[in-house]
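Written out below as C-alpha cells is the structure these notes cover.
Throughout, a chain's letter reflects where its sequence line sits, starting with A, and its residues are numbered from 1. Since the structure is predicted, the reported quantities are computational estimates derived from the model, not experimental observations.
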Amino acid sequence: MKKRGVGIGLSFYGTGYGNGFPDVSNAEVQLMEDGKVAIFVGATEVGQGAKTALIQIGAETLQLDYKNIIFINEDTDMMPDSGTAAATRQTYNTGNAIKIACENFNEEIKKAAQKALGLNSTAGLIVKDGVVYLAMFPDKRISYKELSKIYKDDIIKAKGTFTAQTVKMDDETGQGAPYWPYTFNACMVLVEVDTNTGRVELLKSIFAQDVGRAVNPRLVEGQMDGGFAMGLGYTLFEDLNLDKGKMRNNRFSKYLIPTSMDMIDIENIIIEDPESTAPYGAKGIGEPTTIPVGPAILNAIYDATGVRVTHLPVTPENLMKAIRESEKSEAI
Amino acid sequence: MFIQLVINGINYKVDIDPNMRLIDLLRDKLGLVGTKEGCGEGECGACTVIMDGESVNSCMVMAFQADGSNITTIEGLEENGELHPIQKAYMEEGSVQCGFCIPGMIMSTKALLDKHPNPNREEIREGISGNLCRCTGYNKAINAAERAIEILKEGAKNEA
Amino acid sequence: MKLNTVGKNIIRVDSYSKVTGKALYPQDIYLENMLYAKTLRSESPHAYIEVDTTEAEKVDGVVKIFTHKDVPYNHHGVVLHDHNVFCDKKVRSIGDPIAFIVGESEEACIRSMKAIKVNYAEIPGVFDPVEAMKEDSPKVHDDKSNIIYHYKLRKGNVEEAFKNCAVIVENTYSTHMQEHAFLQPEAGLSYVDEDGTIVVVVATQYPHYDREIIARALNLKDEQVRIINTNIGGAFGAREDITMQIHLALASKTLNRPVKVIYNREESFLAHSKRHPMIMKYKTGADKDGYLMAMEAEIIGDSGAYCSWAINVLRKAGVHSTGPYVIPNVKVDSYAVYTNNPFTGAMRGFGATQVPNAAEQQMDILAEKLGISPIEIRRRNIFRVGSKTATGQVLLEGVPLDRCLETIAEKYEEFLELKEFGNLKAEEESI
Amino acid sequence: MTLDQVFKGNSISEVLELLNQYKEDAKIIAGGTDIIIGLRNGKITPKVLIDISKIDELRQIQVEENKIIIGSATTYTQIVENELFDTNLYGFKKACRLVGSPQIRNKGTIGGNIANASPAADSIPPLIALGAELNISSLRGNRKLLLEDYFNEKEDNRLRADELLMSIEFEIPKKNQVLGFSKLGLRKALAISRVTLSSLIGIDDDVNIENIRVASGSIGKYPMREREVEEALIGKRFNSEILKIAASSLQSSMDKRLVGRSTYPYKRRAVVTLFEEVYKDNLSYFNEVTL
C-alpha cells in the first residue's frame, strides 16, 4: 500500500570555529603591473564557490569589474592563512577579511593617487572601475594602470584581518556565546511510502534558507540542491554496514548515494536579511543546507505511516522492521 | 601490442599493455586527464567517454577492446576554440561545483542529446543517471541540458 | 545599499576549466622521474603489530618502504595528536596506515605491499560507544579513558520545569556513520624544489594546517614546506584531517625524487573521517499552550579510534540540541567516545546535523499530543530577534527563521492536499 | 591483473579455436562490466582474454519463424531500443532498461549476465518466464539448454572452459500472452535488485489464465521458476483476486526456502508490491489489446 505524508524540519546553525577560539582570516590585496588587483587569501575552493563569491566581495569593495581581479588561493608560499574551508566560515570570515583589506587598499591607492595628482588631501577622492578621481573636479584622475607604472618599485598593497567574535562557554554550565552568526532554514517535503517494500519516494519539497545576503544567488541554489541531496542520502540510502569496525559497504556499488533519478526539483527560496557584521550582509550556508532535510523526511514518514523511525538510516529494510514492530504492538 | 584508434578526430597508433584499461590509455599514455577515475567499478561515471556513438565508462573497457574505435573525450568537445553548447550551458546555469564529475556528466549529456535531441526533464535525469555527483544535487545539470537543447536548436535554425 | 557585483549571478570563475577538463586535480599531474607509492593499512581493528619488510624490500622496482621508524615526530591530529603517522606498536582501527611503499611503478608497490609481513596479535576491541564508556571496557589509547570529552549545558531547573509540563515526550534516537563520498578520491604528489623546499601538491581544505603538521612531523620549519592546493573534488569535511601529506613529504625529502600516490575508492573510504554516529536520549516538555518548558538530552558520539574533531563536534551537537527554539530550562550532556570503529570527524553540519533528527521529531510528537499542527508548535517557540539561546546568547539580529517558517507554511495546505489526493487514489487502486 | 595475451575475436570459429587452445586460462570478455571488476580485485586470474564484442553474429536480434534469437553479445541498449520488445514483451525491455545506468547498458550484454551467473541479474527472470533456451557451442559440438536449468546446482550445466554462449532464444508470445516484470532496487538508478519478479501470462477468451510461467530473482540461491505460484494461478480468472493467491503461494515457497535468513521477513512482504506492479502492467496491456 502506498501512503503519503508531509513533514517539516527547521534548523539553526552556528558558523565559524566558535567557542572563543581565535577564528582569524587574513587577506592581502595588491596592485599588479597591468593595473589589475590581486587578492591573496588562504581560502580553499572545495567546490562550494568560495573563489567566485570572495572575488565578488572583493570587486564590490574595490568598485572594480570582477574580471580585473586576480585571485590567488592555491599556494602557501604566496597567500596568508585564512583558516580552514570548513565550519561554513569562508564567506563571513574571509569575506570580512577581504572587505577590510580592500577598504585599506582603497585608502592606500588614494594616498598614492594624491601624490601622483599633486593634491593636498585624499578627501573627496573616489575609486571606481580602476580609476581614482576627485569628485569635485573629475579631470583630476589617474588610472590603476598608470599608478602601477609610477609605483612599480613601491607596490601599493594592503592587508586585512578579521577575527570573529565568540565567547567561550563555561565548563560547568555551558553558558556563553559559542558561535556567530547563526544561519536558519526550514524545509518541507511530501513523501510516498510503500508499506510493503519500505521504499520512500520523495515527491515534492520546498526549502527556505536564510543567507543574510546572497552574494551569488545561483551558487546559493546550487548549495541548497546539493545539501538537500546529501541530507536525502544520509536519511534514506547511505549505510556503511559496520561490522566489528569493518565497513562492509566500502565502495560506490554498495554505499549508495542518490543518483539523478532519486533527486527531485526543489523549490528553493532564498531569504535575505543582511547581517550587520557580515560582508555586505552575507552569511555562510554550506553546511546548513543539509540539516533540515532528514528531520522533514522523518516527520513525513510518520505522517504517512504512523511509525516513528528513531534509527537512521531509513533504508527499506529498516523501515519495514519498524513498520512490522508497530503492527505487532498494535495487534497486542 | 599495438592498437589503432581515433580519439577526438586524431588517429593514434599506440603500444599498449594487455592489462591496460581504456581509462589508463587515455590518462597515463595520452595525457587526456579530463577523463576522471572516481570508483573503478563503473558506478560513478566520472570516466565516461563516447565510444562509437555511445557513452561508456572507460574504466569498464579494456584498452585492446578499443582497437578500431572512434572515441570522444571531454577534450574533444571544443571546436575551433569555441565551447560546445553543453559546456556553455553548464557554465551559464551554474551546474559546476567541485568539477570532478563534470567531464563525465557532460559526455553523458552529449551522448543523450546526440541520440535524442529533445528529451524532457525526466529523460535527462535518466540520461545522466550513471553519473554520480555529490555536490550539486543534479538539478542544475538538468537545467544545463535544457539550456543546451535551446542553444542547439537556435544554432540549427541559424544554419537553416 | 546599491551593489554592483554582490548579488549578481556571475559565472563561476573556475567553471571554464572544469567544463573543458582542463582543471587539474592531483591525480592528473605527472612529473618526470616520478615514483609511485602505496599505503599498507591495518586489517585489524585492534591489535599489537609486528612488521617485517625484509622480503618486501627485495621486490624488483621498490625504492624504499617507510615505517614509523622513519618519522621524527610520529603523531598528528587536528585537536589531539592521537594519530600515528605510521602505527608502531598498535593498530586501533581497520585502515590505520602502517607503511608507505615507494617504487618505480604502482605494480611494483602493490607486489611489495603484499610481501610485507604483519603479525597481528589481536586485542579485544570495543565497537559500541556505550560499552566503551564503561570503566572495564577495552581501552583504545593505552590506559586513557575512552571518554574524550564531556560537554555540559545547564540552564534553569529542568526537574522543576518538567513537573509543570502538560506534555512530556521521551525517546531515544540514533544516527549512523556517514561517508562524505566526494567524487575525487584522495591523491597527491610531492617533490623537492631547487632551494630545498619540500613541495606537497594535494587537494586539502586547509593548506596552512597541512604545512604546519608536515613540518612538525618531519622536524622542519614551516617555511621549508610548501603546499600547493590543486582543484579539489569535493571535501565536506573529509579533507580536514591529514591523510597522505606527511607520507609524501617524508618520501620526497628522503629520496629527493617526485612521489605520487592515488587512493582508489576503497582506500578513500578507509583513509578519511566519517560523520559521528550519535545516540540521543531526549526528554522534552511543553505547557498546555504548546510552549516549550524544558528539555533534557544525553548525546553520545562515537569518535572511532581517533579524536579528530570529536570535541568540537559533540560541543556543537550539544549547543544545537535544542533546535532553533526558546526553552527556558535545559540540561544537556554530550560525550565524545573512543571505539575501535573507523574514526569520525568533520562532516557537513558537524554535530548539528544529527541532533535535529531527534529534536524535530520531538516537536512533532508534542504537537500531536497537544492537538496543534507541526507548523503551529514551531511558530510558538522559534528563535526570533532578541531571543536567548540555551547557552545564554542573545540573538541580536539576522534571525529570519520566522520568515523561513512562514514561507513553507504558505504551502502547507497545498502539500496536504497532494497528500490526501494521493492517499485517496492509492486506496481506490488498492487491491 | 594477470593477463599475458588478449585477443580481439573476429569470428566465432576463431573464438572457439582460442577457447579450445587456452581452456581454463582464457576468459571471454564482451561488455566487461563484470569481468574487469573481477580482474582488478583478483577474483579471477585468467592469462588470456578473448573479446567477442565486435563479432556481428553475436550482437544481433533475429526473428526466425516464431522465435526471437538474441546474440549473446547483444547489449541492453540494443534490446531497449528494439521495437520487438515494445508490446507484450515489454517486461523484458523494462528489465533491461532498469539495469545499472546508460553507460552499463551500452556495454553490458545479455550473455554476460548469464555466463557470469550473477544472482541479481535483472534480465534473467523474464527470460526464464519466456522459457528461453541457451545455444552453446564448442569445437566439440553444440548443445541447447533451458535457461532455468542453467542456474541450478548442477555444475554440469554451466559453461565449460572451451564453450561459448552463442545466443538466447525463445518463442514469441502470442497476442493473448504478456510478459510482466518488476524490480525492487534500493534506488532508482545504478540499483542492484533486492528482488525481481517476472511472469508470462496467457489468457483465454473468458479471461481465465490459460498458461503461465513465473520466475523470480534474488529470492533463492539463483533465479528460478516459481512453480507453486504457477500451479495456484492456472485456470484462475485474471483479475485482482489472483494477487492474494500469487503472493501467498510465493510466500509459502519462500517460507521453505528462505526461513532463517536475515532478509526473509523483508522479502516475504515486499513481493506483494512486486506482484501488484506486474499485475498492473499486464492489465494495461490486456486492456489496450483487443484479443
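Remark: R239(C) qualifies as a cation-pi partner of F182(C) under the 6.0 Å distance and 45° angle criteria applied to the six-membered ring. For the pair R275(C) and Y234(A), the cation-pi test (distance below 6.0 Å, angle within 45°) is passed. Within the cation-pi definition used here (under 6.0 Å to the ring centroid, within 45° of the axis), K168(A) does not qualify as a partner of F21(A).
Between E287(A) and Y13(A), the side chains place a donor N or O and an acceptor N or O closer than 3.5 Å (distance only, hydrogens not considered).
Most heavy-atom pairs under 4.5 Å with chain C: of the set G42(A), P181(A), G18(A), G49(A), this distinction falls to G49(A). Comparing D65(A), N185(A), L298(A), T88(A) by heavy-atom pairs within less than 4.5 Å of chain C, the highest count is held by L298(A). Interface check for chain C: of the options F207(A), Y17(A), Y280(A), the most heavy-atom pairs under 4.5 Å are formed by Y280(A). With chain C as partner, the option from L10(A), D273(A), T52(A), V6(A) having the largest number of non-hydrogen pairs under 4.5 angstrom is L10(A). Among G294(A), P217(A), G281(A), the residue making the largest number of heavy-atom pairs under 4.5 Å with chain C is P217(A). No other option in K246(A), E172(A), R213(A) has as many heavy-atom pairs under 4.5 Å with chain C as E172(A).
Only the side chain of I382(C) comes within contact range of chain A, judged by heavy atoms closer than 4.5 Å.
Here D14(C) does not pair with K51(A) in a salt bridge; the nearest charged N to carboxylate O distance is not below 4.0 Å.
Ring geometry for Y182(A) against W180(A) counts as perpendicular: the plane angle is over 60°, on a 0 to 90° scale with 30° as the lower cut.
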